[in-house]
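Each ligand, and each atom within it, is numbered from 1 in the order the structure gives. The first residue of the sequence shown is numbered 1, and numbering continues consecutively from there.
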Amino acid sequence: MNTPVPDYLADLLRNCKTAHGGELADYIPELASADPNKLAVALITLDGLLYSVGDDDYEFSIQSISKAFTYAYVVEKLRLEAVMQKVGVEPSGEAFNEISLDQTDDRIKPKNPMINSGAITVHSLIPKAENDCRAETVRQFFSQLAGRELSFDLAIFQSEKETAFRNLSIGYSLRNFNILESDPVEIVESYLKQCSINVTVKDLVNMMSVLVNDGILPRTGERIFSHKTVRQVLTVMTTCGMYNAAGDWLANVGIPAKSGVSGGIIGVLPGQVGLAVFSPKLDRFGNSVRGIDIMQQMSRDMGLHLLEGVPSSRVIVNDHDVEQIRPGLKVYKLHGVLQFTDAERLLRKLQDEEQDGGTIILDLSHISLVNDVGRRMLLDGIDRLRADGHNVALVDPENIVPHAKTPSDFEPHVYQDLEDIAK
Ligand code: GLU
């Protein structure tokens, strides 16, 4: 049996193929020649399982999405208090390349690290390593998170460097207030090189898995960021990650996110999933049009909005809860809350388990809550188990899944009590 997640993602792309609003970014000349039809989406679970569909091997320059990860890097290396002296956390409500500085606490500083003035300052705080090149430090760090060697897109870098008048003026203004402490041209150029690092949507969700998993990279088990760093980065992504459309995004999608002008958007729901989409045409705020559509749809379908999420039970079924009552009859005892993350994990468990074609009973007596997507995935899973030749029934004394009917119109038998099965 396969989990329904890959089919779900493929449907999502199919349904979105028609939406073609927006324009390619052209202020970096090289970006104007991007293929507007490219479309990809990837999802990573808390324990690091990756799903992806569409042009998921297509590389594009990371652009502003890099800001979230370099901010995390610098906060972790320098400590938050030191970084806060240089860059604030207030949403600006202005365009990303606004030459905006905030006067707070008698100190002039960029409003937040997600706009260019803040991101250039953050870049300047990266300790210079032996290679004497901050962009190279960033490339190596991103490669570590992505789990493969990433490269710079030198054509994009060159193209942006030749037309970087606005970013250079931001650099000079930062230098004027001593926020940058050395040559602004060198720092701005190195920041542009950071933006030119090539990634795919799969790289992005691999990089994000560390934010989903509270600072630990699930692939290696290594702690990369402290809890405090992760919380700080996600906070800033929530309030400032979507340029000047951050409020709309929070209302409609409701997950910490960051977008970039090449057409990527990442979204993180801590403890649950990391999402990445790519489609190059942008709206007037600089966010990918189809990217927003897809993220909005996923948030709705999977019940991901931060403020309506119910706490995940983390593990709803573990080995001790699978009971072989007699040969050919297995009971899966589920606990806690059944929402996207838990349903995905349950279906994966059923998929991985070697099935013997017997009867499977899903015992819902200890489920306290099931949301819409949890219910749909459970019923879809029943169809898939049946397609593999199993009989499936439910134990549901509290009527948690009322009028259970699968997408193929199958109505599983519902027992009131586990004891009834033995009779
Ligand atoms: N390299 C771009 C810049 O600094 C990144 C912009 C973006 O993705 O928002 O202008």
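Within 6.0 Å of CZ in Arg79 there are 12 or fewer heavy atoms belonging to other residues, nucleotides or ligands.
The 4.0 Å heavy-atom shell around ligand 1 contains residues Tyr27, Gln63, Ser64, Phe96, Asn116, Glu160, Asn167, Tyr191, Cys195, Tyr243, Gly260, Val261, ordered by chain and number.
Using modelled atom types, no side-chain atom of Asp56 and backbone atom of Ala40 make a donor-acceptor pair closer than 3.5 Å.
No hydrogens or angles considered: a donor-acceptor pair under 3.5 Å links the side chains of Thr200 and Asp203. In summary, the side chains of Asn167 and Tyr191 do not present any donor paired with an acceptor at a separation below 3.5 Å, with no hydrogens or angles considered.
Counting only residues at least two apart or on different chains, the ring-ring contact (aromatic ring centres under 6.0 Å, His included) pairs with a member in residues 264-303 are Tyr58-Phe278, Phe60-Phe278.
Rounding to the nearest 0.5 angstrom, the gap separating the OG1 atom in Thr121 from the CD1 atom in Ile115 is 9.0 Å.
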